Amino acid sequence: MKYFKQFFIISLGISLMIGIISNLFYPQNLSETLIVIALSLGIGFFLPKFACWANSLSKSRVSLIIYLVMGLILVIQLLILIFFPATVYHDPFRVLHEAELLSHNHPDWDNSTYFWRYSNNVPLAYFLSLWLKLTNVFQISTNAALHILSLLFLDGFIILSLRTCLNFVKSHTQVLALALFFLLGPFAYTYYLQVFYSDLPILLILLLTFNLLARWPKSKKAQLVSAIFLFLIIVCGQLIKANLIILSVAILILIIDLFMYKKQILRKMIVPLAVILFAFAATFPASQAVSAAASFKSNSRYQFPLTHWIWMSYNPVSHGTYDGSDVGKMISLPSKASRQSYIAKALPERLSRLGINGILRQWVARVGILLSVNDIQSAYTGGFIQVPRVYVNWQSKVHVLSQAIMRSGFIWIYLITLSKCLELLKRQTALDSIRELAIITAVGYVFFHMLLWESESRYGQALLPLLLVINTLPIQEAKIQKVQEIQGRLGRSSLRTKLGPLVVCLIVVLSNLVNWHGSAGQIIAAQRSQLSLQYHAKETWIEPGKVVSQQMVIKHEATLFSVAVPQGSKLSGELINYRTKRHYLLKHGLKAGSSSLSYHGKIAAGSYQIFLVNKDSQMQPIEIVQTVNYQLAPYPVKMNAQTVRFASLVYKATYSNRKV
């Protein structure tokens, strides 16, 4: 069994090394890579001195600093939500749209085929609807309700992460470094703040679970309360995110190990472990109960077989990420049975074409994608709804630097965990059971997405609470003292003195080399939430001669504007400046299977009217998004001068400093 444990430790270590390389060198942009390297070296340069300062503080002073940091984080979060709201699209918006309908007792599961294809998101929509029902009682808007929920989960996770460090680490370095990571990096201000989706609850649930296991109470009454709470969060977590089932497999492996070698520890842990396993078993009837409560009925005609995800994960073009062409192929087949039949032949053929070397390369690439954090901050967000003018010139710089901070921060989290793995391999004593469970679970997530499922950086975020547990649980006091002695020697070394100015100069030089502006330009105004015609969302039709308009403000010069319309629609469009009365003719263009009306050229800052009219003799489809109480854009749609509250067109204005 010793070698079995070493297998998990070595597997995690190799995965983390791939993650470090991925965050250093991908995407392949030399200047950004050098910035990440410089920041990572800068952290290493300042870390020994920071450790000396942190460890000289009293526990009360550390607690005060944490309170101040959390207060500052909350202030920044509120400012971002007020002045920089993002437009949310794809899966989170579809879940939100249905949750709103459910909260008003008007479910409409057939408004698109999305939930028939991905019924795993039905529980999330139902749970979100319960929250919206509660906030509806207090007449809180859906926007505010979502922001409150995101803040509760996000700041709850951050606070629990810091508390975990305070509880298990005697040195103050780690907790204060983690506080700085949350304060200075984009983790607390971008994806998890702007978008409420299944990823955030799972982070909190995993960290809560391991904290409960590590601090399981001794009294019977406290155990009962903890067991009920543990049971509920596991059931909810599994319903929200199905791959949490990996934890149950890890627990079974741990129980076997404890039964064979540590029966005394097993007797102490059997109650919480059994509660977790019973909770996973209870999710099957709970799922049916949620579907019934939400009035959801599955439709096998639109379902994808589970093998579809395995087949897609071995697509050599997409390297195991979500692939639109594979999904399109599944949609084109008439039934679930025909899809299963197709994959039964297509999967072996794809594996055969890849060969052993191709499969190994695919595995490495998928682990690299899983543990990369390069694009996590922009996940499911289609840009800011309205960027303040003063921020436009800083937008790309802030994005690149925050991205580099995120990558550098996770590189150091991975490095610390890697050092723990090396230390655990050298130890002669047995692994403590909580850390062993965290390691097995982390490896389980990696293997699941490496071998069987699509890989995205969002999915790799589930490792963060597990790595925090691995890094914070104490190993040996002697080891800690030894590390501190090494850090002290590093702080006095001449290498550190020479390295500091070099790192500073490198950052200054690189700041002038970075390509701050992406080729696609930066979004300065947008409303991109939609149910998507890909899932046969119901279209709105406009009669001949009728007009649809919407006001929009651009606070900075734009070089491209587009508004989405269904493919084949014969609508005509213009963008009209309210002050100058200048008309910008919107022309039809095809892109990725959906049509749009767009204008390429300079558009001055100002207030505009998006003007769409049906000049054809037949009714024409138009893409309008309608919600119950969720404000999509600053101004609503007008149909023939009649305001349609909580409705919007789908549009985007971008700016690029390249010549147009």
Side-chain angles (χ1 to χ4, degrees), residues 8 115 118-128 130 198-199 201-217 220-260 262-263 265-294 296-298 300 303 305-307 309-310 433-434 436-449 451-453 459 462 465-466 469:
F8 283 103
F115 286 99
Y118 306 110
S119 57
N120 57 293
N121 270 338
V122 170
L124 180 60
Y126 176 71
F127 290 144
L128 183 55
L130 297 180
S198 56
D199 300 304
I202 290 303
L203 295 185
L204 183 57
I205 287 170
L206 279 170
L207 195 55
L208 278 170
T209 299
F210 277 88
N211 269 271
L212 284 170
L213 289 175
R215 300 168 65 85
W216 192 251
K220 296 294 183 182
K221 186 177 180 179
Q223 284 185 2
L224 178 61
V225 174
S226 297
I228 293 172
F229 180 67
L230 183 59
F231 181 87
L232 291 175
I233 64 171
I234 293 295
V235 170
C236 291
Q238 178 61 20
L239 289 174
I240 291 171
K241 196 83 167 177
N243 64 2
L244 186 63
I245 195 71
I246 293 167
L247 177 61
S248 69
V249 178
I251 287 174
L252 290 173
I253 293 172
L254 178 66
I255 288 175
I256 293 171
D257 175 41
L258 295 179
F259 179 78
M260 294 177 64
K262 306 174 190 174
K263 289 186 175 64
I265 296 177
L266 178 60
R267 282 193 290 270
K268 294 180 180 178
M269 293 189 63
I270 191 61
V271 172
L273 294 180
V275 167
I276 294 174
L277 292 178
F278 280 125
F280 278 112
T283 56
F284 294 101
S287 177
Q288 295 176 348
V290 167
S291 294
F296 174 77
K297 293 182 180 179
S298 60
S300 61
Q303 289 176 353
L306 291 177
T307 49
W309 302 102
I310 302 174
S433 54
I434 306 300
E436 181 180 352
L437 180 60
I439 291 172
I440 295 171
T441 307
V443 173
Y445 270 102
V446 172
F447 279 15
F448 178 72
H449 291 284
L451 302 173
L452 300 175
W453 216 252
Y459 302 147
L466 302 172
V469 171

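Because the structure is a prediction, the values reported are computed rather than measured.
- Checked against ring-ring contact (aromatic ring centres under 6.0 Å, His included), F8 has the following partners two or more places apart in sequence or in another chain: F4.
- Under the rule for a ring-ring contact (aromatic ring centres under 6.0 Å, His included), the partners of F115 that lie at least two apart in sequence or sit in another chain are W109.
- Residues G237 and L244 come closest through the heavy atom pair C-CD2, 3.6 Å.
- Put simply, the side chain of Q223 never gets that close to the backbone of W216: no donor and acceptor are under 3.5 Å apart.
- F259 CZ to I265 CD1: the interatomic distance, rounded to the nearest 0.5 Å, is 15.0 Å.
- The environment of NZ in K263 is crowded: more than 12 heavy-atom neighbours from other residues, nucleotides or ligands sit within 6.0 Å.
- When all heavy atoms of S198 and L124 are compared, the pair lying nearest together is N-CD2, 3.8 Å.
- The salt bridge (Lys or Arg N to Asp or Glu O under 4.0 Å) contacts involving residues 223-248 comprise D199-K241, where partners must be two or more places apart or lie in separate chains.
- For the side chain to side chain donor-acceptor pair (under 3.5 Å) test, residues two or more places apart in sequence or in another chain that qualify with N211 are T164.
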Could you give the side-chain donor-acceptor pairs of residues 270-294 under 3.5 Å, partners two or more places apart or in another chain?
residue, atom, partner, partner atom, Å
T283, OG1, F280, O, 2.5
S291, OG, S287, O, 3.2

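- Here CG of L239 is found 5.0 Å from CZ of F127. Values are rounded to the nearest 0.5 Å.
- Checked options T209, V446, L247, I253; the residue passing with T441 is L247 (criterion: side-chain contact (heavy atoms from CB on, under 4.5 Å)).
- With rounding to the nearest 0.5 angstrom, the CG atom of L252 is 12.5 Å from the CG atom of D257.
- If you take CG on L452 and CH2 on W309, they are separated by 13.5 Å, rounding to the nearest 0.5 Å.
- Between F448 and V249, the closest side-chain pair of non-hydrogen atoms is not below 4.5 Å.
- For the atom pair CG (N121) and CD1 (I240), the distance works out to 10.0 Å, reported to the nearest 0.5 Å.
- We find the OH-CH2 distance between Y459 and W453 to be 8.5 Å, quoted to the nearest 0.5 Å.
- With sequence neighbours excluded, no residue forms a ring-ring contact (aromatic ring centres under 6.0 Å, His included) with F231.
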Just do the side-chain contact (heavy atoms from CB on, under 4.5 Å) check on S433 and M269 with the steps written out, would you? CA-CA 9 Å; S433 54; M269 293 189 63; 2.9 Å; yes

